[in-house]
2 protein chains.
Amino acid sequence: MMDEINMISKSQIIDKLKKAGVTPTQQRVEIGQILFAKPQHMSADQVLSVVNQTGPVVSKATIYNTLGLFAKKGLVREVIVDPSKVFYDSNTSEHHHFYDIDTGSLMDINNGQLRLESMPVLPDGTEAEGIDIVIRVRKSMH
Amino acid sequence: MMDEINMISKSQIIDKLKKAGVTPTQQRVEIGQILFAKPQHMSADQVLSVVNQTGPVVSKATIYNTLGLFAKKGLVREVIVDPSKVFYDSNTSEHHHFYDIDTGSLMDINNGQLRLESMPVLPDGTEAEGIDIVIRVRKSMH
DNA sequence: CAGCCATTTAGACAAAGTCTATTCCATTAA
DNA sequence: TTAATGGAATAGACTTTGTCTAAATGGCTG
Ligand SMILES: [Mn+2]
Ligand SMILES: [Mn+2]
Ligand SMILES: [Zn+2]
Ligand SMILES: [Zn+2]
């Protein structure tokens, strides 16, 4: 039996996917249940291994296809901080990150805790698509 | 004959390397001449191919070793924005970036054009190591 | 010249991610 | 109920970026 407390029901996930214009297949719902259980940052590989801890195997291609689709539909946010892998963030609200360079862990910065003084002039013929702020931290050696 | 205008002399590079505590070998100087010619953002692969357009071949391992060493010694800055490769930035002054998601090109934001309103409270037991701000832009469709 | 030791090197290897050709499967039509 | 359709899933080959290893190189110093 699974932890009911942090569990989101299948139907809630299906709703969420439908609202985003994503056909709720078996695999997408299962991935959604894991990813959307709480605000978190997971790599494709982590999703793959958690999904495949129970039930029928979901292929690597499907994991990547699904995460890419979720990202395109705004259900997750891709966070680029680790040169070796992308993090998928189930928290899609506007926020920024601490990145611990020792442990490789990502932490949310509450919005309101951080803001830009002003927006710089954008390059000609471009429009802003988003802003990513990463504060790299490490264990303070007192 | 090479373009003398944007050329940095070998001895200038050797000086720069020595000051940073890097033994100026043939290969390191050649890589330095390319990278330090102007403020720019290059991937390891780009450095490899430019270096090997002329003169004796420099191995891939040496390119990675050298860029890693330069980064450790503060001669270049690693910029993580593209999920598929690291950019090495010859501009080591404090600044941030525009990233064109259509073209994949990186542009500097003049410091002073951008600043944080305030520093958020860091996670317990950590100290800030640096801040990276990336403004993702794309071609504005009028 | 001989020895030393950092550096360079070729190429094997690893990990993340992409692609392709085929199979599967839910839905609709007959 | 079966048949046809088309989107989705799959295995595994492939690509790319980057790392590692073991051997060769090459500048210095004695
Ligand atoms: Mn499963
Ligand atoms: Mn060359
Ligand atoms: Zn987050
Ligand atoms: Zn820059």
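Here is the naming used below: chain letters follow the sequence lines, and residue numbers restart at 1 for every chain. Just so you know, these numbers use all the heavy atoms, side chains as well, and skip hydrogens, waters and symmetry mates.
- Out of D:dG18, C:dT7, C:dG17, the shortest distance to the side chain of A:Ala44 is found at C:dG17.
- Note on A:Ser43: nothing from the nucleic acid sits closer than 4.0 angstrom, heavy atoms only.
- When the side-chain nitrogen and oxygen atoms of B:Ser84 are compared with OP1 and OP2 of C:dG17, none of them lie within a distance under 4.0 Å.
- Centroid-to-centroid, the aromatic rings of A:Tyr99 and A:Phe87 stay 6.0 Å apart or farther.
- Between B:Thr25 and the phosphate of C:dT7, there is no side-chain N or O to OP1/OP2 separation shorter than 4.0 Å.
- Axis angle across the helix from C:dC1-D:dG30 to C:dA30-D:dT1, with five pairs used at each end and values rounded to 10°: 0°.
- Distance OH (A:Tyr64) to C1' (D:dG12): 15 Å, rounded to an integer number of Å.
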For residues 111-124 of chain B, tabulate all N or O donor-acceptor pairs below 3.5 Å that involve a side-chain atom, not counting sequence neighbours.
{"residue": "B:Asn111", "atom": "ND2", "partner": "B:Glu94", "partner atom": "O", "Å": "3.3"}

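- Evaluation of atom-type donor-acceptor distances gives a pair under 3.5 Å for the side chain of A:Lys60 against the base of C:dG17.
- For D:dA8, one of the phosphate oxygens OP1 or OP2 lies less than 4.0 angstrom from a side-chain nitrogen or oxygen of A:Thr23.
- Between B:Pro83 and B:Ile63, the one whose closest nucleotide on DNA chain C sits nearer the 5' end is B:Ile63.
- Legend: residues meeting salt bridge (Lys or Arg N to Asp or Glu O under 4.0 Å) with A:Asp89, ordered by chain and number and at least two apart, are absent.
- Taking both residues in full, the closest heavy atoms of B:Glu78 and B:Val86 are given as CB-CG1, 4.0 Å, listed atom of the first, atom of the second, then distance.
- A sub-4.0 Å separation between OP1 or OP2 of C:dC24 and a side-chain N or O of A:Gln26 is absent.
- Taking every heavy atom of both residues into account, A:Val58 and A:Val51 meet most closely at CG2-CG1, 3.5 Å.
- A sub-4.0 Å separation between OP1 or OP2 of D:dA9 and a side-chain N or O of A:Ser59 is absent.
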